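Values below: every heavy atom of this structure, side chains too, minus hydrogens, waters and symmetry copies. Computed from a predicted structure; not experimentally measured. One-based numbering, in listed order, for ligands and for the atoms of each.
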Amino acid sequence: MNVPSLLEARSVGFSYDGTVQVLRGVDLHVDEGEIVGLIGPNGSGKSTLIKLVFDLLHLKSGTLLLSGHHCQSALARPEAQYLASNDHLPEFLRAREYLTIIGDLYGRSLDVGAARSFFEEYGMAGRLEDLIEDFSHGMRKKTQLISAILQRRPLTIIDETVNGIDLEAQYLAEQEFVKMRSEGRSILLCTHDFSMLERVADRVLFLDHGVVVADAPVRDVVASHRGISQMVFDHLDDRRQR
Ligand SMILES: Nc1ncnc2c1ncn2[C@@H]1O[C@H](COP(=O)(O)OP(=O)(O)OP(=O)(O)O)[C@@H](O)[C@H]1O
C-alpha cells in the first residue's frame, strides 16, 4: 500500500478578490523524512499556500491533503504544525502557559523539564515563567520554534520564523530540524535564507507568480546552478527575456 505524502497539493488555485489569481495550478508534495525549502519572490504566493494548508483561507479550487486527509478535515489537524511569519503570541500568557496550551491542542502534556532545557539552550534561561508581553521579537520567534520542536508533528511548516533569530539559535534550530528528519518527520521551510536551505534541505520548491517553476533536489541545484541564488537569478533572467 502506498504511504500518502504528508502534504500533497493538486491543482491548487486561489484568488483573494476573484480576479487576480495568486496561486495557479499548484502541484507539490512533501514526503516523510524530508526537509523541503519553499522559496519565491515577495508576493509569489508562499504564505497564501501555507494558510490554505491550515484552513486559514478557504480552499475553493484544487485539493490539499495532509497525510491523505483533506486539509479542512479535523483528521488533518494533528498532522501538522504551523509557525507563522509574524511573532504574534498571546501576550497575557507566560511562556510555559503558551507551550502548555499548544501541547493541549495536540493532546500532549508539556514536558516542563524539556521546555526549560530548550529555553536555556536558546539563550532564554529562567524566562519560561515570564509573560510573553516582556519578550523581544527574537524571543517570541524562539518560543514559536521551541513549541514546534516540543510538539514534533509529522509535518512542521515554518513560514520565515527562522528569519530574525540570532545565529546561535539558527544553528541549534538547523541541528534540531536534521534530528526531526532522522525521526521520519518532515519540515517545509519557507525562507529567503538560501544558505540555510543549502545546508539542511533535501529539495527546493520555487514558486513564482503562483506557479511552481522548479521542484528539484538541492544537490542537483547546487551541481547545475552552483547554488539556489543562481537558480533564482537564472530563472529571473529567462523570465525577463521571454
Ligand atoms: N489578505 C489579503 N488580501 C488580498 N490580497 C492578499 C492578501 N494576502 C496576500 N495578498 C496578496 O497575495 C499575493 C501573494 O501574497 P503572499 O503573502 O502569499 O506572498 P509570499 O510569497 O508569502 O510573499 P513574501 O515573500 O513577501 O512573504 C500578493 O500579491 C499579496 O498582495
Original post:
Which option out of Asp17, Val22, Asn42 puts a heavy atom nearest to atom 26 (O) of ligand 1?
Top reply: Asn42
Subject >> Flag for Asn163-Thr191: side-chain donor and acceptor within less than 3.5 Å >> reply: yes
Original post:
With a 4.5 Å limit on heavy-atom distance, are the side chains of Leu155 and Ile187 in contact?
Top reply: no
**OP:** Looking only at protein heavy atoms, identify the closest one to atom 27 (O) of ligand 1 and say how far it is in Å.
**Re:** Glu160 OE2, 3.4 Å
Original post:
Does even one non-hydrogen atom of Lys51 get within less than 4.0 Å of ligand 1?
Top reply: no
**OP:** Using a 4.5 Å cut-off on heavy atoms from C-beta on, say whether the side chain of Leu188 contacts that of Leu205.
**Re:** yes
Original post:
For atom 30 (C) of ligand 1, is some protein heavy-atom partner under 4.0 Å away?
Top reply: no
Original post:
Which part of Thr48 is near ligand 1, with near meaning a heavy atom under 4.0 Å away: side chain, backbone, both or neither?
Top reply: both
Subject >> Distance filter under 4.0 Å to Pro41 heavy atoms, resulting ligand 1 atoms >> reply: 21 (O)
Subject >> Under 3.5 Å: donor-acceptor pair, side chain of Lys46, backbone of Gly40 >> reply: yes
Original post:
Looking only at heavy atoms, is any part of Cys190 under 4.0 Å from ligand 1, and if so is it the side chain, the backbone, or both, or is it neither?
Top reply: neither
Subject >> Protein heavy-atom partner closest to atom 25 (O) of ligand 1 - residue, atom, separation in Å >> reply: Lys46 NZ, 2.8 Å
Original post:
Do Leu23 and Thr48 touch side chain to side chain, with heavy atoms closer than 4.5 Å?
Top reply: yes
Original post:
Distance only, no hydrogens: is a donor on one side chain within 3.5 Å (strictly under) of an acceptor on the other, for Thr161 and Asp159?
Top reply: no
Subject >> Residue and atom name of the nearest protein heavy atom (relative to atom 3 (N) of ligand 1), distance in Å to one decimal >> reply: Tyr16 CD2, 3.5 Å
Original post:
Just by modelled atom types, is the Tyr122 backbone N or O under 3.5 Å from a matching donor or acceptor in the Lys142 side chain?
Top reply: yes
**OP:** List every atom of ligand 1 that sits less than 4.0 Å from any heavy atom of His192, numbering the atoms from 1 in the order shown and giving each element.
**Re:** 25 (O)
Original post:
Under 3.5 Å, is there a donor-acceptor pair between the side chain of Ser136 and the main chain of Met139?
Top reply: yes
Original post:
At the 4.0 Å heavy-atom cut-off, does Ser85 count as touching ligand 1?
Top reply: no
Original post:
Are Asp234 and Gln230 linked by a side-chain donor-acceptor pair shorter than 3.5 Å?
Top reply: yes
**OP:** Run the numbers for me: atoms of ligand 1, each under 4.0 Å from some heavy atom of Gly45, listed by number.
**Re:** 14 (C), 18 (O), 19 (O), 20 (P), 21 (O)
Original post:
Of Ser47, Gly210, Gly43, which has the heavy atom at the shortest distance from atom 17 (O) of ligand 1?
Top reply: Ser47
